[in-house]
Amino acid sequence: MLGSRKREIRIQADSFREKCKISRYGIIDLFKECDRIGYKLLRYPLGENGDLGFALKKDDDIVIFINTSIRLSREIFTLAHEIGHAMLHLNGEQPFIDNNATIAGGSGDEKEQEANYFAACLLMPSDEIERFIDLELPDFEKNGLSGMDIARIMSEFNVSYDVALNRLEYLGKIDGQQKTQLETERTEKRVGNLLKSIGGNSRLNIAGNEIAIPYEYIDYVIYNYNHNAIPRETLEKVLECYQLTIEDISDRLVEFPEEDDDLDDLIGGLED
Ligand SMILES: [Zn+2]
């Protein structure tokens with residue numbers, strides 16, 4: 001990636017971040033930001049081996065899907081990566097579908113690298129990392145970073161241990177040797193324990209299995225049901241995602257005449 005392209009990507013990440021609610025350093029809730037900006041965000045547990053997420057453009061809508069069977073910190077990074085595709089690459093109908101290979105596997109694909117760079121700049125901008133280390137980690141100059149410090153950075157910026165290490169290495173805050181030491185410390189102490197020991201956000205390290213579908217999808221589904229395009233079971237399944245039943249929306253359903261009569265009428269009509 002050329003330096004000039006990186007700068008363009010940082011400008012895009014910065015423009016998105018400007019609209020976000022920030023705690024002291026990190027974005028508080030990237031999921032909410034997507035809703036606010038008007039992206040159609042779907043979160044659903046597809047299973048640990050399912051794809052991580054995708055981004056696509058449908059008419060005027062940006063649709064982002066995220067698999068919630070994955071640790072929350074990774075889910076957030078996937079979301080940031082998909083926002084990167086949305087801002088940098090989505091002009092045609094071609095969707096971007098992401099899995100371990102495109103996001104974490106160091107795939108050579110330039111657009112995947114760009115989306116990863118966007119995600120890193122959005123979640124962990126260099127000036128905020130600088131400020132965090134300066135104000136929150138007073139022993140940094142003397143002792144460098146410990147596993148607990150990484151857990152502090154994770155909790156503030158809502159990133160995984162790996163993403164934090166990669167970003168800190170990229171920004172020159174740790175070198176290759178320190179990174180290896182911190183990886184060893186992670187293996188020995190476990191990330192969950194490190195997060196607990198600093199009173200950090202332990203939820204980052206577990207899968208949320210969240211289900212979140214934009215509310216307007218109910219309208220589409222009811223419309224399709226009322227036009228006989230989907231069976232009752234599908235309607236029920238979708239409603240279940242919103243913790244609703246048929247009774248809850250019964251006033252919005254069109255009653256159809258007995259199916260057989262309807263079919264006869266139709267066939268009769270065609271034969272005329
Ligand atoms: Zn991607």
Side-chain angles (χ1 to χ4, degrees), residues 10 13-14 16-17 20-33 43 48 52 66-81 83-84 100 103-106 116-210:
R10 285 198 301 277
D14 211 48
F16 190 95
R17 207 173 198 271
C20 295
K21 285 199 176 146
I22 310 287
S23 59
R24 289 194 67 189
Y25 310 87
I27 296 170
I28 296 172
D29 188 336
L30 195 55
F31 301 106
K32 276 194 190 147
E33 301 303 341
R43 299 169 71 198
E48 282 176 38
L52 296 177
I66 306 289
N67 181 359
T68 59
S69 305
I70 315 292
R71 271 178 293 146
L72 180 63
S73 57
R74 290 201 64 201
E75 203 203 320
I76 292 170
F77 189 85
T78 301
L79 178 57
H81 176 104
I83 295 171
N100 276 324
I103 296 189
N116 277 340
Y117 184 67
F118 176 95
C121 294
L122 175 65
L123 296 172
M124 303 178 74
S126 61
D127 50 347
E128 294 299 321
I129 292 293
E130 199 72 53
R131 206 162 62 86
F132 185 87
I133 291 176
D134 180 32
L135 302 184
E136 310 290 335
L137 306 175
D139 294 335
F140 173 72
E141 289 299 334
K142 207 169 74 192
N143 302 329
L145 297 171
S146 67
M148 277 163 74
D149 292 334
I150 304 300
R152 289 187 181 97
I153 291 172
M154 283 178 70
S155 273
E156 178 58 37
F157 293 93
N158 289 310
V159 295
S160 68
Y161 199 90
D162 282 326
V163 164
L165 289 192
N166 288 338
R167 185 68 174 152
L168 290 164
E169 187 184 31
Y170 179 84
L171 295 173
K173 296 296 165 195
I174 54 173
D175 60 25
Q177 200 190 342
Q178 288 164 324
K179 190 181 172 198
T180 309
Q181 277 168 9
L182 287 164
E183 280 166 347
T184 309
E185 192 174 344
R186 182 251 318 266
T187 312
E188 283 165 359
K189 296 183 181 163
R190 318 297 303 171
V191 174
N193 293 333
L194 285 168
L195 284 168
K196 265 184 221 146
S197 69
I198 57 135
N201 182 5
S202 301
R203 282 199 318 128
L204 281 174
N205 207 36
I206 46 177
N209 290 307
E210 201 83 32

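Along the sequence shown, residues carry numbers from 1.
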Nearest-0.5 Å distance, CE of residue Met154 to OG of residue Ser202:
9.0 Å
Is any side-chain heavy atom of Asn158 less than 4.5 Å from a side-chain heavy atom of Ser73?
no
Partner set under side-chain hydrogen bond (donor to acceptor under 3.5 Å, both in side chains) for Ser69, not counting sequence neighbours
Asn67
Please check if the side chain of Asn205 supplies one atom and the backbone of Arg71 the other of a donor-acceptor pair under 3.5 Å.
no
Determine whether Ile150 and Leu182 make a side-chain contact, defined as any pair of heavy atoms from C-beta on separated by less than 4.5 Å.
yes
Rounding to 0.5 Å, atoms CG (Asp134) and CD1 (Ile129) come to a distance of 12.5 Å
Return the minimal non-hydrogen interatomic distance between Gly176 and Glu169, and the atom names on each side.
CA-OE2, 3.7 Å
Any side-chain heavy atom of Ile133 within less than 4.5 Å of one from Leu168?
yes
Check this for me, if you would: do Asp162 and Arg186 make a salt bridge, where the nitrogen-to-carboxylate-oxygen distance has to be below 4.0 angstrom?
yes
Which of Arg131, Glu156, Glu128, Glu136 passes side chain to side chain donor-acceptor pair (under 3.5 Å) with Tyr25? It is Glu136
Under 3.5 Å, side chain of Arg167 to main-chain N/O of Met124, donor-acceptor pair present?
yes
How many angstroms lie between CG in Leu204 and CZ in Arg74, if you round to the nearest 0.5 Å?
13.5 Å
Looking at Thr68 and Glu210, would you say the former's side chain and the latter's main chain have a donor-acceptor pair under 3.5 Å?
yes
Does a side-chain N-to-carboxylate-O contact under 4.0 Å join Asp14 and Arg17?
no
Steps toward side-chain contact (heavy atoms from CB on, under 4.5 Å) verdict (Lys21, Asp29)
CA-CA 8 Å; Lys21 285 199 176 146; Asp29 188 336; over 6 Å; no
Is the shortest side-chain heavy-atom distance between Arg152 and Phe132 below 4.5 Å?
yes
